[in-house]
2 protein chains.
Amino acid sequence: MARVSQTAERRSEFLPILAAAFAELGYRRATTAELAARCRVRENVLYRLWPDKKAMFIATIRFVYEHSVEIWRRVLDEEDGQASAAQRLLQYEARHVGEFGLYRIVFAGLSETDDEDIRDALADMYRRYQKFFADHVRDHRHGAGGPDAGLVAWAVIGLGTVASITRELGLVSDRQRARLLREVGAELLETSGGT
Amino acid sequence: MARVSQTAERRSEFLPILAAAFAELGYRRATTAELAARCRVRENVLYRLWPDKKAMFIATIRFVYEHSVEIWRRVLDEEDGQASAAQRLLQYEARHVGEFGLYRIVFAGLSETDDEDIRDALADMYRRYQKFFADHVRDHRHGAGGPDAGLVAWAVIGLGTVASITRELGLVSDRQRARLLREVGAELLETSGGT
DNA sequence: TCGTTCTGTAAGTGTTCACTTACATTATGC
DNA sequence: GCATAATGTAAGTGAACACTTACAGAACGA
């Protein structure tokens with residue numbers, strides 16, 4: 001034997017760079033030449049780490065999910081007696097939504113959904129997000145009535161999505177976007193169950 | 001002079017076909033060869049109607065907006081003494097959201113937002129949608145308090161977006177998706193203004 | 001009927017891209 | 001120190017794509 005493989009380390013070294021590139025350029029425009037240049041290696045180095053470009057993209061989707069969940073966990077670990085976890089997540093997003101270009105990667109993926117592998121990776125990511133929020137919504141209400149917490153979680157994801165879109169397209173001011181997430185988000189959490 | 005030009009008619013003849021193609025394939029995968037084949041003409045025929053592929057896409061975005069607004073107007077014209085216009089729109093979407101692949105075109109556009117023209121076309125489209133809904137939200141409440149109707153309109157758009165995503169990725173059943181739009185949508189309309 | 005313009009067909013063209021191959025260099029276990 | 005496998009450099013390849021050009025036929029006003 002000679003020289004132990006650094007494959008795993010290199011993968012996690014490059015993933016944030018790939019994520020930034022896919023977020024900035026979208027799937028098609030992020031050419032393998034561009035990805036390699038940003039990683040400061042040649043293309044074939046990337047091809048030793050992943051079988052093809054699609055695999056790089058799917059790995060990026062997973063990375064982005066884990067990255068943002070990690071950030072959220074850190075936010076939740078900060079002590080704050082007043083607000084529930086769900087409220088704190090909304091407040092955090094009110095200030096930082098769209099910051100890391102997560103949604104640009106998701107949009108890129110959503111226009112590639114005729115590819116089964118990409119669709120599966122996205123579906124998996126959304127399921128995890130929804131479960132994450134739904135748990136916190138249920139916790140926020142601890143047992144009280146209201147519409148299905150799962151549905152509210154989807155609505156919160158929708159709120160984050162539209163917030164990112166308005167940011168991306170310059171449709172509303174930062175101030176208004178923060179209000180959107182805080183005020184409408186609070187309403188979603190507080191609703192006492194209609195129909 | 002000889003032979004009068006049919007340019008305008010042909011454009012509107014092809015637009016629904018282009019819309020279907022972009023919705024099904026996304027921007028990059030909808031190659032000009034594929035677009036032409038679906039229109040049953042050669043590529044250069046399309047290039048006589050629009051200067052380039054981007055112009056075809058932007059024309060499609062506008063078409064899709066006008067198409068869905070026309071449908072909504074028809075829904076609103078049907079008499080229904082009970083429900084407000086906003087409620088009827090939500091009920092309609094609960095049954096038909098994502099049906100025409102509108103959001104796939106939007107997603108395709110959102111991953112091309114580094115192109116100024118595409119970004120502008122999308123921004124314009126969103127502004128119109130938001131105004132359309134905001135007017136109906138205000139009307140629904142006729143003067144009563146609550147969070148800014150403009151913000152609620154954005155939230156409704158978010159709800160429609162996430163509904164389309166869950167449909168696209170097969171994440172929730174049709175039944176649950178209808179509940180999401182009807183129940184959570186109703187909550188958004190009814191909120192009496194928090195903070 | 002003639003001339004002009006619209007409309008259709010067919011075959012390029014230059015570029016870009018995902019992915020590959022060939023080979024030189026370097027680190028490390030034995 | 002030497003064999004071995006990891007790592008780096010450089011060039012290339014075949015396919016796909018946006019867009020073009022050249023030309024033939026068809027409609028229609030004069």
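By convention in this document, chain letters (A, B, ...) are assigned in the order of the sequence lines, proteins followed by strands, and residues within each chain are numbered from 1.
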Given side chain to side chain contact (heavy atoms under 4.5 Å, CB included), test A/Glu93 with A/Leu159 step by step and report yes or no. CA-CA 10 Å; A/Glu93 286 301 301; A/Leu159 209 55; over 6 Å; no

If you take any heavy atom closer than 4.0 Å to DNA chain C, which residues from residues 39-57 of chain A end up in contact?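 DNA chain C contact set from residues 39-57 of chain A: A/Glu43, A/Asn44, A/Tyr47, A/Asp52, A/Lys53.
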
Is there a donor-acceptor pair under 3.5 Å between the side chain of B/Arg10 and the backbone N or O of B/Leu49?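 Side chain of B/Arg10 to backbone of B/Leu49, a donor-acceptor pair under 3.5 Å: no, none is there.
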
Parallel, tilted or perpendicular, as decided by the 30° and 60° cut-offs, for the rings of B/Phe107 and B/Tyr103: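 If you compare the ring of B/Tyr103 with that of B/Phe107, the planes turn out tilted.
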
For the pair B/Phe133 and B/Trp72, name the ring-plane relationship: parallel under 30°, tilted 30 to 60°, perpendicular over 60°.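 Ring orientation, 0 to 90° scale: tilted.
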
I'd like to know if B/Glu34 pairs up with B/Arg38 as an ion pair, taking the criterion as any Lys NZ or Arg NE/NH1/NH2 lying under 4.0 Å from an Asp or Glu carboxylate oxygen.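 Salt bridge flag = yes for B/Arg38 with B/Glu34.
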
Taking only Lys NZ, Arg NE, NH1 and NH2, and the carboxylate oxygens of Asp or Glu, determine whether A/Arg74 and A/Asp77 approach each other closer than 4.0 Å.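 No salt bridge links A/Arg74 with A/Asp77.
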
What is the separation between atom [atom1] on [X] and atom [atom2] on [N], rounded to the nearest whole Å?
{"X": "A/Tyr27", "N": "C/dC17", "atom1": "OH", "atom2": "P", "value": "13 Å"}
{"X": "A/Arg28", "N": "C/dC19", "atom1": "CZ", "atom2": "C1'", "value": "15 Å"}
{"X": "B/Arg10", "N": "D/dA27", "atom1": "CZ", "atom2": "P", "value": "13 Å"}

So, is B/Arg29 close to the D/dA18 phosphate, meaning a side-chain N or O under 4.0 Å from OP1 or OP2?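 Answer is no, no contact under 4.0 Å.
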
With heavy atoms under 4.0 Å as the rule, sort B/Thr31 into base, sugar-phosphate or nothing.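 Sugar-phosphate contact only - B/Thr31 comes under 4.0 Å of backbone atoms but never of a base.
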
